[in-house]
Amino acid sequence: MSAPAAGPAASAVWPLGRHAGATGEGRLARAWRRLRRRPASVAGAVIVLAFVVVALGAPWIAPADPVHADWKLIRKAPTWAHPFGTDDLGRDNFSRVVWGSRISMQAGVLAVLLAMAIGVPIGLVAGFYRGTLDQLVMRLTDAWLAFPFLILAIGLVTILGPSLTNATIAIGVGATPTWVRLTRGLVLATREEDYVQGARALGAGDLRLMARHLIPNIASALLVQATVSIPTAIIAEAVLSFLGLGVQPPAPSWGTMLNAAQQFLDSAPWMAWWPGAAIFVLTLSFNLAGDGLRDVLDPKDY
Amino acid sequence: MFEFLVRRAVISVITLFVASLVVFTGVRMIPGDPARVLAGSDADDAGLEAIREKYGLKDPVPVQYARWVGLAIRGDLGESIRTRQSVAFTVARKLPITIELACFAILIAVGIAIPAGVFAAVRRNSAWDVVTSAISLCGVSIPNFWLGIMLIMFFSVRLGWLPASGFVPWWEDPVANVQRMLMPSVVLGTALAAVLMRQTRNAMIEVLSADYIRTARAKGLADRAVVFRHAIRNGLIPVVTILGLQMGALIGGAVVTEQIFVVPGFGRLIVEAVFTRDYPLVQGVVLITASAYVVVNLLVDISYTVLNPRITRPGAA
């Protein structure tokens, strides 16, 4: 991912920044007007919020213990007592899907935060100081990007050992170069702006320039990227767990649940329906919400 | 242009060098004696000594690295702990299966995405455009392993039309080969098709609003001629780049797809290697993947420059 449309995007001021020019219409009113044009994005955002509520409220929402096995209830079709059926160990599938949302959300959000925590400062410094340091950073990110995301994650899990924490670290590290490149590109475009040059002329130091002038003005672009990165990270966690390289049984992860479901497609298809549907709906909602957010925050589009 | 290509090639070599450093360091980050790591836990003292000898594990680390790269360039990536066969041989045996799978997937993706994307761009904001955008968004969002499971459930378990798993080489039985490759290729191709469709649509919209298209229209050329003779040729150039950039996703997708459909290819090899802690195999496979990725992207850049001679990139890295 290279710098998105450097020139015009950056010269029109990013609206989250402190330099946002006041237009006739208020910023909130404009955002609301644009949102109303995109009901699908609003629906996506609502569903994402619902998943957040489910993830946080899992202990209260799930009717049963997600790891409690019951030999009398092995692979029972959905009923009122078990709306998503039960799995091969007689555990309540609904409770497992509910708890699984917690694991997915946690892995997705933490992995992206990790990638941002490493990538944004590196990209910021590289783009700000340029020169040799920048060249060095760019060659490193090139090499980093030479490893396909999943292969890098698999390699890292091999070294670190399979667990939720290590899968999250591996996904975060794998996603980092994208953040380095994006931040660097945005900084390269923003640092030439008049207000940055003006602040420099007034004697602002490097740190102040970065913290007060650059970061606030690239923040909304980073926010949009975060919204579209989280679903990718969620799918990556599910894939690693599906392959047996992430969350280990009996913990309820959507990926491990699908792995178990594979053996019972004939006798217990409901085991495969719900965890996969949950990943699909959550990812789709994130993408819809991300599209909407891009639209709302993009100053080019009125 | 020549200067650009040389520049680009030099950068690729540097990238490969750094990538090989990363792989080399990665294996040494595994706790324990590196000789034990490379030889496997059931190796005897003689085996360990042979490994130490081959990779010079008593030498300074830079010397070890140079020797390892030297062997790798000549195609010697060590041997698998489990099978004792050379890593290069193992990979060479598995790779054609994955390449076949990838080619089918690309064929399916291109066959669906480009016509759909072009049509969506030509009939912008029509019902067709909205529907293809929605399908494309679903295609990006659907986890490929769930799609695979659902396909097996429907076409193999419920309808019994296609075998759920396995692989038959095409020279043994072409029909059985295609039957078993069909679902995996669709699963692998879906995400690619979704991305390609979006890119094709955007690229075509941009081209269709260009001056020379307006001129062609003003001359009185029919819509069809404008699209086919003028727009597509230029509109599809960026799509070539996307194909190159998507190769990483394709390899990752192959790992998952082969796992679901029990296709004995490169992707399944990686997962097996990880589970059996076959470090030399993991190391070799990761290095080969990274090299392939760099080379393909270099080729894409070259073809891009050749396809569109207007591109000059002064100073842009």
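Below, read A as the first sequence line, B as the second, and so on, with proteins coming before strands; counting in each chain starts at 1.
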Only pairs of heavy atoms separated by less than 4.5 Å count here; which of [options] has the most with chain B?
options	value
A/Thr283, A/Leu152, A/Leu288, A/Leu160	A/Thr283
A/Ala143, A/Gly255, A/Ser285, A/Ala146	A/Ala146
A/Val281, A/Asp291, A/Leu150, A/Ile159	A/Ile159
A/Gly276, A/Gly244, A/Gly161	A/Gly276
A/Ala238, A/Pro275, A/Pro162	A/Ala238

Kindly indicate, with the supporting measurements, whether the criterion side-chain contact (heavy atoms from CB on, under 4.5 Å) is fulfilled by A/Leu240 and A/Ile154. CA-CA 8 Å; A/Leu240 287 177; A/Ile154 288 177; 4.2 Å; yes
Considering only heavy atoms, which portion of [X] lies under 4.5 Å from any heavy atom of chain A: side chain, backbone, both, or neither?
X	answer
B/Phe17	neither
B/Ile142	both
B/Leu16	neither
B/Ile149	both

Which bit of [X] comes within less than 4.5 Å of chain B, counting heavy atoms only: side chain, backbone, both or neither?
X	answer
A/Phe149	neither
A/Ala277	both
A/Trp254	neither
A/Pro231	neither

Using only atom types and a distance under 3.5 Å, with no angle test, would you say the side chain of [X] pairs donor to acceptor with the backbone of [Y]?
X	Y	result
A/Arg191	A/Phe128	yes
B/Trp146	A/Ala272	yes
B/Ser80	B/Val87	no

Which one wins on heavy-atom pair count under 4.5 Å against chain A: [options]?
options	answer
B/Gly26, B/Ala134, B/Cys138, B/Gly148	B/Cys138
B/Ala290, B/Gly252, B/Gly267	B/Ala290
B/Leu137, B/Val140, B/Asn297, B/Ile152	B/Leu137

Under the side chain to side chain donor-acceptor pair (under 3.5 Å) definition, can you give me all pairs with a residue in residues 9-25 of chain B, not counting sequence neighbours? B/Arg8-B/Ser12, B/Ser20-B/Tyr65
[Y] and [X], any side-chain heavy atoms less than 4.5 Å apart:
X	Y	answer
A/Val52	A/Met105	yes
A/Ile169	A/Val157	no
B/Phe155	B/Val186	no
A/Glu237	A/Val247	yes
B/Arg201	B/Asp129	yes

